[in-house]
Amino acid sequence: MLRVAVLASGRGSNLAALIQAQNPDWQVLGVFSDKPDCNALKLAAAAGLIAVALKPRDYDNRAAFDHALFTAVESVQPDLIVCAGYMRIISSDALARIRIPMINIHPSLLPRHRGLDTHARALAAADSVHGCSVHQVIPELDAGPVLAQARLAIHAGDTVQTLARRVLELEHRLLPACVDAIAKGRIRLQADAVHFEGRRLHAPLRWQNDSLQPER
Ligand code: GRF
């Protein structure tokens, strides 16, 4: 069984999707946060998971906070760390030290729209497609190898709210599917590459017909 630790800072809807989807191949063991009052921690506690919150202001600097956070994460001996709406930048020192693979869900089709306000930026750029990506976490923000993406078409009447809702529905499918594929050994993560069913990916997997498909 793949042991999963989740980092989250807010609403926790992706965490809820993960908890719902876990199966004998993988389990969420603990949730770790920089926001003691966030809903994600409440969901974790309600699900009987280890729920740990550390306050950044209790630490001298980012490196000290990250050291404490990842020491807590490591205490559950995870095989995989999933950032599911974790909104704090992680120091490159901490990322270099962690030997556990780490993935993140991001609400855009990377490399388009790294960072925040992705739905507004997709609309402002008059993009015709948008979606979400699951990628490996590396020191550069939203820049690690992309495992998989789910796409949708932007319609004429779309607003930030309609896009956010539709992309979030895709996130709730894509993220658990990626964790499941890692747990079942279909996806293998290397430092600078992603392998799917034994082959190195040259383009992200696509979420299509309710499954992960390699780009043809
Ligand atoms: C999601 O849109 C995720 O892609 C982004 O932050 C949001 C978190 O939502 N990184 P939730 O806390 O999982 O509901």
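Position 1 is the first residue of the sequence, and the numbers go up from there. Counting convention: from 1, in listed order, for ligands and their atoms alike. Values below: all heavy atoms of this structure, side chains included; hydrogens, waters and symmetry mates excluded.
Shown here for Leu212 and Ala148, the closest heavy-atom pair between the two residues is CD2-CB, 3.8 Å. Here the closest non-hydrogen pair linking Leu41 and Pro36 is CD1-O, 3.6 Å.
Atom 8 (C) of ligand 1 has its closest protein heavy atom at Gly85 CA, 3.6 Å. Remark: minimum distance from atom 10 (N) of ligand 1 to any protein heavy atom is reached at Ile105 O, 3.3 Å. For atom 3 (C) of ligand 1, the closest non-hydrogen atom of the protein is Glu171 OE1, 3.2 Å.
At a 4.0 Å cut-off, at least one heavy atom of Pro107 sits close enough to ligand 1 to count as contact. Not a single heavy atom of Ala40 sits under 4.0 Å from any atom of ligand 1.
There is a side-chain donor-acceptor pair under 3.5 Å between His172 and Ser13. Side-chain contact check for His106 and His135: no donor-acceptor pair (N or O, by modelled atom type) lies under 3.5 Å.
Within the listing of ligand 1, atoms 11 (P), 12 (O), 13 (O), 14 (O) sit less than 4.0 angstrom from a heavy atom of Gly12. Those atoms of ligand 1 that come under 4.0 Å of a heavy atom in Arg11, given as number and element, are 9 (O), 11 (P), 12 (O), 14 (O).
Atom CD of Gln20 is surrounded by 12 or fewer heavy atoms from other residues, nucleotides or ligands within 6.0 Å.
Any N or O atom pair closer than 3.5 Å counts here, and Asn14 shares at least one such pair with ligand 1.
Arg97 and Asp93 are not joined by a salt bridge, as no carboxylate oxygen comes within less than 4.0 angstrom of a charged side-chain nitrogen.
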